[in-house]
Each structure stands twice: as structure tokens, then as C-alpha cells.
Amino acid sequence: MKCRHCAQNAAIHMRQHHLALCKTHFLDWMLAQTQRFIQKYALFAPGARLLLAVSGGKDSLALWDILTHLGYAADGLYIHLGIAGPDDYSNRSQQCCLDFAAARGLRLHIVDVARDLGCSVPDLAARTHRGRQRPCSVCGLVKRHLFNQVAAQGGYDVLLTGHNLDDEASVLFGNTLTWSLDLLRRQAPVLPAAGFVRKAKPLCRFYERETAAYAILRPIVYVEEECPFAAGNQMLAQKALLNQMESQRPGLKLQFYTGFLRARPELFSAPSAPQTPDERCPRCDQPTTAPGLCAFCRLIESR
Ligand code: Q46
Ligand code: ZN
Ligand code: ZN
């Protein structure tokens, strides 16, 4: 198959877009599409101070690369969770982020959870009620807290994450199955500040296959292994189901997600901005919904 724009052989065929492109035209297409999404969803203003959460995986490093090519200066934030597993997951992913930043002269903040909070995420999960079933709930809470904290302390305007379409469609699928209205209301390419830092997902319209192809073709060195705790989680099962449907109906995942985005204003006629919580945690000063310590500080106190 040939590239739509030149005589080269296609490096990727995207059935959902009826589009085949060679390496050069695909890399350019990814940049142009990202720029289009930044504007279409008003993800951030030109000149905004950008902080990008990097995990060492393909999506977040591809996003960092794309932003750099587009001329946006984004600083990275890596959170070392203290997860080992057979692949020495946290150390290896941290190294990928360090190498990526060093090779391009980019600034990378590192928060080491074990060093800074006195105990790693798996330890914190084992010691607290919240994490007893699996560490992901504790992990998500810790990451959210630290993202907000680093963004506030560093004076950043927006926190960017590398979530792709497969992530978003899978979360949407899960939240629709349970009609979790609060979660659905908060699912969008951009979440206004509301006390916490503004959050945006510039890759939310790209298939995982596209971000993977970008990382491989550029090329970017990234950690291929998943976190060992990801195995068997609901997200992966939902992704597999959606992929099965997508193979019958190319474009289904994209339709599912973009259809939701179009329907959102009508579904949630109230303004989509989350309510600013009135209370502030007396220990960390982040917003919280009830008086007293926030969920994060309660977790830390209870270990
Ligand atoms: S890093 Fe943390 Fe994920 Fe690992 S412990 Fe679960 S939530 S699976 S994105
Ligand atoms: Zn071409
Ligand atoms: Zn707190």
C-alpha cells in the first residue's frame, strides 16, 4: 500500500481514517492532529506553563516529543512509585524518562514516593485499608495528590497526561456500564482548574496503535512492560472487548468517544466544570469535599 501523499510505501494504515501514510507523512500527521486537538478543545492557552506527567511508557514520552516538535516548552514530572516486580518497573521507567529528558535538554522533576513520603506505594497499600484489595486505588490517589502539589508549587498552569483514545474509550465504557454520572461528568479532554490544577489530555483522540507507531518510528526508547499490578485489571478487560468490536467495525472506538463528547453538553446541561470544593485540608491545603483531612492525608495518617 502506498502513502496517500507520496510514492513511498505506507508505514501505517489507519482503517478508521481510511488513511495510509509513510513514516515522514505519519509523523507530520501526528504533529498536525495534536495541534488541531489542542485548539479544538482549548486545552491550554499559548504561553501556558505546561507540566507533563511522564511514566516512561510510549504515550507520555510520545506526547513530550510531539509537544517539543510543536514548539511547546513542557517540563516533565516522573513519580517513582517504588514498584519493583520482575522488570524492576519503577527504576527502569525512571531511567527512560531521565534519558529522554537528558538527550533533548528538557527539565524533569522527580518525586520519589518512598523517599518523600517515607514508604513506597505497594507498602502504603499493604498497610492501609484503602489499598488492601489492590494497590491501584492508593496509587491513583497518591499520583493525583502529587501532580497537584508539584503543579501548584512550580506555578504550572496545566497538567498534561498521555491518555490515548483506548484509555478514554475503556474508561467511558466502564463508567457507562455503571452509569457513574459523576465520573462521566468529569471525563473530557480538559478539566478546568476548580481548586486543583487544570488537566488536559492532548492524545485523547489517538488510537494506542497510533501513539505506539509514533514512538517506534521516531524512534523513542520507552518501557514496554506494564506495571505488574495492571495485570487482570478491569481497564485491560474493557480494552480487549472494545478491540474485539473495533475489528468488526473499524472506527467504533473513536465514534464511541467522540459521540460522547458531542452529547456531553446535552447530557449534562449544568456547566461541565466540577464544583470547587469549599473545604481545604488542614494538613496539605488542597481542596477537599468534607471538613477535616483530605483522603490522601487520611491515608498517610492511617498507615
Ligand atoms: S501504576 Fe499504579 Fe497503574 Fe501500577 S499500581 Fe495500578 S495504578 S497499575 S496506571
Ligand atoms: Zn508519504
Ligand atoms: Zn490533605
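Each ligand, and each atom within it, is numbered from 1 in the order the structure gives.
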Participant: Does any donor atom in the side chain of Arg92 or Gln95 lie under 3.5 Å from an acceptor atom in the other side chain?
Facilitator: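 No, no side-chain donor-acceptor contact under 3.5 Å.
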
Participant: Decide if the gap between the ring center of Phe44 and the ring center of Tyr72 is smaller than 6.0 angstrom.
Facilitator: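 That pair passes the under 6.0 Å test.
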
Participant: Output every pair passing salt bridge (Lys or Arg N to Asp or Glu O under 4.0 Å) with a member in residues 111-124, not counting sequence neighbours, ordered by first then second residue.
Facilitator: none

Participant: Taking the six-membered ring for Trp, is the centroid-to-centroid distance between His5 and Trp29 below 6.0 Å?
Facilitator: no

Participant: Is a salt bridge present between Glu168 and Lys253, judged by a nitrogen-to-oxygen distance below 4.0 Å?
Facilitator: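 Between Lys253 and Glu168 there is no salt bridge, as every charged N stays at least 4.0 Å from the carboxylate O atoms.
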
Participant: For atom 6 (Fe) of ligand 1, count the protein N, O or S atoms found under 2.8 Å away.
Facilitator: 1

Participant: Other residues, nucleotides and ligands only: do more than 12 of their heavy atoms fall within 6.0 Å of NZ on Lys2?
Facilitator: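 Enclosed.
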
Participant: Counting heavy atoms only, which part of Lys143 comes closer than 4.0 Å to ligand 1: side chain, backbone, both or neither?
Facilitator: side chain

